[in-house]
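Take a look at the structure below.
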Amino acid sequence: RSVNAKIIIIGCGISGISAAHKLVKAGFNDVRILEATSRSGGRIKTGRLGDKIVEIGANWIHGPCEENPVFRLARQYQLLDPEALTPENQAMDIGGHPPWTPNFFGSSGGKLNAEDIYPAQQMFLELLNESSEFQGQKGEPWSCVGDFIRSEVQQRAEEQWKDIDANSRSLRLCVISNMLKVECCVNGAHSMDEVSLGAFGLYKTLPGNDCTFPGGYEGLIKNLMSDLPSGLVTYNRPVRCVHWNNTEERGNPVMVECDDGERIAADHVICTVPLGYLKKHHSTLFHPPLPLHKLCSVQRLGFGTNNKIFVEFDAPWWDADCEVICLVWEDEDAMVDEVPDVQRSWIKKLFGFTVLKPTERYGHILCGWIAGHESEYMETLSEQEVTQAVTQLVRRFTGNPTVTPKRVFRSQWFHDPWTCGSYTHPGKGCSEQDLDNMMEPLPSKGSQSQPLQVLFAGEATHPCYFSTVHGAVLTGWREADRLISHYSSVRPSELRKS
Ligand code: 6YU
């Protein structure tokens with residue numbers, strides 16, 4: 001049947017598109033997406049470095065298996081390499097850490113021996129797994145993952161590394177610093193001292209070895225968009241304020257006010273703006289304001305920055321089988337993941353590079369990863385300054401004073417006014433309840449007003465797949481389903497006339 005309720009979706013990222021898809025398919029005939037920018041996709045954004053495709057935002061399908069909706073869609077649209085489709089790839093359980101072949105380089109110049117690194121790597125991965133086990137337990141020994149890892153490494157090193165010489169021991173501690181920086185990127189956090197130990201285990205992984213989109217992640221967006229009625233999205237239309245519990249427009253409980261002054265009445269709004277945007281603009285975006293419990297959750301959940309710096313070389317300085325390059329600063333045995341002087345040494349936060357594979361497709365392109373306030377500072381520099389810093393870094397770690405990048409290109413997610421960072425992590429003091437609060441529609445349960453006026457989707461509203469594309473898709477579907485089941489319990493005579 002056809003449903004005439006007026007639905008406005010704010011944001012044309014993957015969660016907004018997914019919600020629209022489901023609603024249109026279920027017969028909702030008055031669905032509109034308002035998007036602030038001139039494009040669809042949000043944090044799924046494919047760009048170019050020369051003639052090569054690079055991902056400015058989301059990179060991988062995390063856990064490409066049958067249960068993963070992004071995997072199913074990508075397969076349906078034939079966007080994946082054959083290897084990603086094999087049952088072996090789908091069954092691999094990597095627990096969030098792909099088994100990449102690493103190369104380690106030291107700040108005194110040159111490759112480090114993998115055997116010297118391995119014990120520190122193992123200890124770190126063990127501790128990460130243990131960090132996940134405090135979820136729902138209460139009584140965790142530290143409030144943040146950073147403190148837990150540091151104190152445990154100290155203790156375990158006393159016992160397990162007591163017979164090794166001081167230099168080797170110091171190098172292992174420097175490796176721990178490097179791995180903390182990796183985790184800052186994975187979690188989208190400034191420091192692992194800002195990630196809650198008690199809530200770290202909320203994030204769940206799916207089986208499957210992470211894969212990429214050979215033609216670009218945006219191919220998924222293009223395919224999904226072509227399945228939506230044309231004209232459903234209005235671009236360059238930022239929403240300024242959602243007036244809910246609205247008594248001005250008769251019959252319509254919500255009124256959406258756009259930046260250009262246009263006011264659009266609606267029965268339901270699905271808000272998919274990123275958590276970073278919500279943190280910054282919640283007080284003007286909602287009228288009346290968000291209820292206190294919801295606001296506290298917006299504030300408690302973390303939303304940091306993770307950026308990429310793509311660097312192209314004429315020839316590789318890494319091994320042919322290398323998939324990730326880690327840069328170990330040999331003066332960082334204090335297990336730190338923040339640099340003391342951001343302006344002078346922000347580049348020390350860059351943990352290293354992933355190698356774009358296969359070489360036949362990409363040539364010699366590396367993707368550098370940098371999180372945190374250091375990454376936000378990097379965004380303020382000119383491309384030339386970034387290039388200079390990366391060149392010096394690579395020269396130092398390779399010990400080769402002539403190695404020179406051909407091209408450099410970086411993302412700037414913190415200064416993107418519609419995102420204000422990269423993705424969500426459980427900040428200190430967070431619990432499951434905060435994600436429940438994030439997804440709770442307005443008005444809250446128990447209110448006498450019209451239900452389901454404002455619904456919330458987007459990666460930050462998924463209870464265990466926050467920070468991912470598959471999480472975002474599932475939240476769009478969830479909120480569409482909420483409306484579909486609401487209207488399937490309403491008698492046809494009660495449906496609004498168009
Ligand atoms: C994934 C990956 N990946 C790297 C980087 C980034 C992200 N993610 P959107 O923002 O897309 O849409 C909102 C729209 O709203 C947008 O278009 C705005 O313009 C619009 N808008 C805002 N304000 C508005 C207004 N006022 N009016 C109108 N419109 C407005 N995910 O699966 N694989 O490899 C990565 C990565 C650099 C930045 C990623 C990855 C995250 C995804 O990109 C992201 O979740 C979704 O695209 C979001 O879609 P959306 O619709 O919600 O919002 C404990 C523990 C934790 C461990 N976590 C580990 C997980 C690993 C996370 N992986 C990330 C890694 C990378 C590298």
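Indexing begins at 1, ligand by ligand and atom by atom, following the structure's order. No hydrogens, no waters, no symmetry mates; every other heavy atom, side chains included, goes into these values. All values reported here derive from a predicted model rather than from experimental measurement. The residues of the chain are indexed from 1 along the displayed sequence.
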* Asked: Between the side chain of Lys280 and the main-chain N/O of Pro417, is any donor-acceptor distance below 3.5 Å?
  ->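 A pair under 3.5 Å: no.
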* Backbone N/O of Glu440 and side chain of Lys294: donor-acceptor pair under 3.5 Å ->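 Such a contact is found between Lys294 side chain and Glu440 backbone.
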Record the part of [X] in heavy-atom contact with ligand 1 below 4.0 Å; permitted values are side chain, backbone, both and neither.
X	answer
Leu34	backbone
Tyr423	side chain
Trp418	both
His62	side chain
Ser467	both
Trp369	side chain
Tyr277	side chain

* **Partner of His470 by ring pair (Phe, Tyr, Trp, His ring centres under 6.0 Å), out of Tyr465, Trp477, Trp60, Phe71** =>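 Exactly one option meets the ring pair (Phe, Tyr, Trp, His ring centres under 6.0 Å) with His470, and it is Tyr465.
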Protein contact to [atom] [nearest heavy atom, distance to 0.1 Å]:
atom	answer
atom 4 (C) of ligand 1	Gly57 O, 3.4 Å
atom 35 (C) of ligand 1	Ala58 CA, 3.4 Å
atom 13 (C) of ligand 1	Thr272 O, 3.6 Å
atom 42 (C) of ligand 1	Val469 CG2, 3.8 Å
atom 59 (C) of ligand 1	Val186 O, 3.4 Å

Element-labelled atoms of ligand 1 that are located less than 4.0 Å from some non-hydrogen atom of [X]:
X	value
Ser15	50 (P), 51 (O), 52 (O)
Asn306	37 (C)
Thr37	19 (O)
Pro274	10 (O), 13 (C), 22 (C)
Asn59	2 (C), 3 (N), 34 (O), 35 (C)
Gly13	11 (O), 12 (O), 14 (C), 17 (O), 51 (O)
Gly458	52 (O)
Gly42	11 (O), 16 (C), 17 (O)

* Kindly identify the option in Val239, Asp259, Leu202 whose heavy atom sits closest to atom 27 (N) of ligand 1. =>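 That would be Val239.
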* Asked: Evaluating non-hydrogen atoms only, which member of Trp413, Phe414, Phe466 is closest to atom 38 (C) of ligand 1?
  ->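 The nearest heavy atom belongs to Trp413.
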* Taking all heavy atoms of Met439 and all of Pro463, pick out the closest pair and write down the distance. =>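 For Met439 versus Pro463, the nearest heavy atoms are CE-CD, 3.7 Å.
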* In Å and rounded to the nearest 0.5 Å, what is the SG to CD1 distance from Cys12 to Ile17? ->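 Result: 4.0 Å between the selected atoms.
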* To do: Answer with yes or no after comparing the ring centroid distance for Phe148 and Phe200 against a 6.0 Å cut-off, counting only values under it.
  =>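 No.
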* Asked: Any chance the rings of Tyr423 and Phe466 have centres within less than 6.0 Å?
  ->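 No, the ring of Tyr423 stays outside the 6.0 Å limit from the ring of Phe466, centre to centre.
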Is there at least one pair of N or O atoms, one from [X] and one from ligand 1, spaced under 3.5 Å apart?
X	answer
Asn187	no
Ala36	yes
Arg43	yes

* **Lys52 NZ/CZ over Phe310 ring centroid, <6.0 Å and within 45° of normal** =>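 Judged by the rule, Lys52 and Phe310 form no cation-pi pair.
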For [X], I'd like to know if atom [atom1] has over 12 heavy atoms of other residues, nucleotides or ligands within 6.0 Å.
X	atom1	result
His97	NE2	yes
Lys357	NZ	yes
Gln78	CD	no

* State whether Asp337 and Arg150 are salt-bridged, where the test is any N-O pair (Lys NZ or Arg NE/NH1/NH2 against Asp/Glu carboxylate O) under 4.0 Å. =>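 No, no charged N to carboxylate O under 4.0 Å.
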* Presence of salt bridge, Asp147 and Lys428, under 4.0 angstrom ->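 No, this pair does not count.
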Just to check, does [X] reach to within less than 4.0 Å of ligand 1 when the distance is taken from its heavy atoms?
X	result
His425	no
Pro238	yes
Thr419	no
Gly41	yes

Determine whether the side chains of [X] and [Y] contain a donor N or O and an acceptor N or O closer than 3.5 Å.
X	Y	answer
Thr37	Trp418	no
Glu459	Thr424	yes
Glu133	Asn129	no

* Assign the ring pair His190 / His373 to parallel, tilted or perpendicular, where the plane angle (0 to 90°) is split at 30° and 60°. =>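 Because their plane-to-plane angle is under 30°, the rings of His190 and His373 count as parallel.
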